[in-house]
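Throughout, a chain's letter reflects where its sequence line sits, starting with A, and its residues are numbered from 1. For the numbers below, each heavy atom of this structure counts, side chains included, while hydrogens, waters and symmetry mates do not.
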Amino acid sequence: MKKISWNQPKEKNEDFFSRVYDIARMIPYGRVTSYGAIARCIGSPQGARMVGWAMNQANSQRDFIPAHRVVNRTGMLSGKHHFGGPRVMQELLESEGIGIEDDRVVNFRSLFWDPCSELI
DNA sequence: CGTCTGACGCACG
DNA sequence: GCGTGCGCCAGAC
């Protein structure tokens, strides 16, 4: 697969990615957030799918990106198949004390971390 | 260039 | 609360 295609003058895109990774790194240990929340926070309320796409590239980043702390709006582990194995994402979350039941974060409502609202 | 796909989210019933 | 349909935007064919 191709290394990176954003060497092109897609400045807007690069900025989008930077913001996504920036926020993803801020997610506190033991907390989770959603793709849509990140998208909305960076001014692209309809770019939730792009956030997921960015998470797919998170592996390529130098710094560690806690992509396992990002789930969809219902708290479901929709990206668990992108962690090398179907159970890796769940195990990562459980190692942080987050309960998973039926591929869903237990008590998601309480563990949810809003990048913009709860950011100080 | 037309179509399909997808780590999403919302409206509707 | 759950299933379905649709809009969204970038990539792959």
Using a 4.0 Å heavy-atom cut-off across all strands, classify [X] as base, sugar-phosphate, or nothing.
X       : value
A/Asn72 : sugar-phosphate
A/Gly36 : sugar-phosphate
A/Ser34 : sugar-phosphate

For [X] against [Y], the heavy-atom pair lying closest together:
X       : Y        : result
A/Leu93 : A/His68  : CD2-O, 3.2 Å
A/Ser34 : A/Phe112 : N-CE1, 3.6 Å
A/Val71 : A/Phe108 : CG2-CE1, 3.6 Å
A/Pro66 : A/Ile27  : O-CD1, 4.5 Å

Spacing of [X] atom [atom1] relative to [N] atom [atom2], expressed in whole Å:
X        : N      : atom1 : atom2 : value
A/Phe17  : C/dG11 : CZ    : C1'   : 11 Å
A/Phe16  : C/dG11 : CZ    : P     : 11 Å
A/Asp102 : C/dG1  : CG    : P     : 14 Å
A/Arg40  : C/dC8  : CZ    : C1'   : 14 Å

Short N-O contact, A/Arg69 and A/Glu96, less than 4.0 angstrom: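 Salt bridge: yes.
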Below 4.0 Å from chain A heavy atoms, what is the first contacting nucleotide of DNA chain B and what is the last?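 With heavy atoms of chain A under 4.0 Å away, the range is B/dG6 to B/dC10.
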Applying a 3.5 Å limit to both distances, which nucleotide forms a Watson-Crick or G-U wobble pair with B/dT3?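 Pairing partner: C/dA12.
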Using Watson-Crick or G-U wobble geometry with both distances below 3.5 Å, tell me the partner of C/dG1, or none.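 Base-paired to nothing in any strand shown.
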Steps toward side chain to side chain contact (heavy atoms under 4.5 Å, CB included) verdict (A/Arg104, A/Leu77): CA-CA 6 Å; A/Arg104 241 172 281 183; A/Leu77 280 57; 5.7 Å; no
Would you find more than 12 non-hydrogen atoms of other residues, nucleotides or ligands less than 6.0 Å from A/Arg87 atom CZ?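 Atom CZ in A/Arg87 is not crowded, with 12 or fewer foreign heavy atoms closer than 6.0 Å.
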Are side-chain heavy atoms of A/Val32 and A/Val70 found at a separation under 4.5 Å?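 They are not in contact (no side-chain heavy atoms under 4.5 Å apart), so the answer is no.
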May I have the step-by-step check of ring pair (Phe, Tyr, Trp, His ring centres under 6.0 Å) for A/Trp53 and A/Tyr35, ending in yes or no? CA-CA 10 Å; A/Trp53 180 50; A/Tyr35 304 96; over 10 Å; no
Can you check nucleotides 2-7 of chain C for protein contacts, nitrogen or oxygen pairs under 3.5 Å, and list what you find?
from	atom 1	to	atom 2	distance (Å)
C/dG7	O6	A/Arg49	NH1	3.4

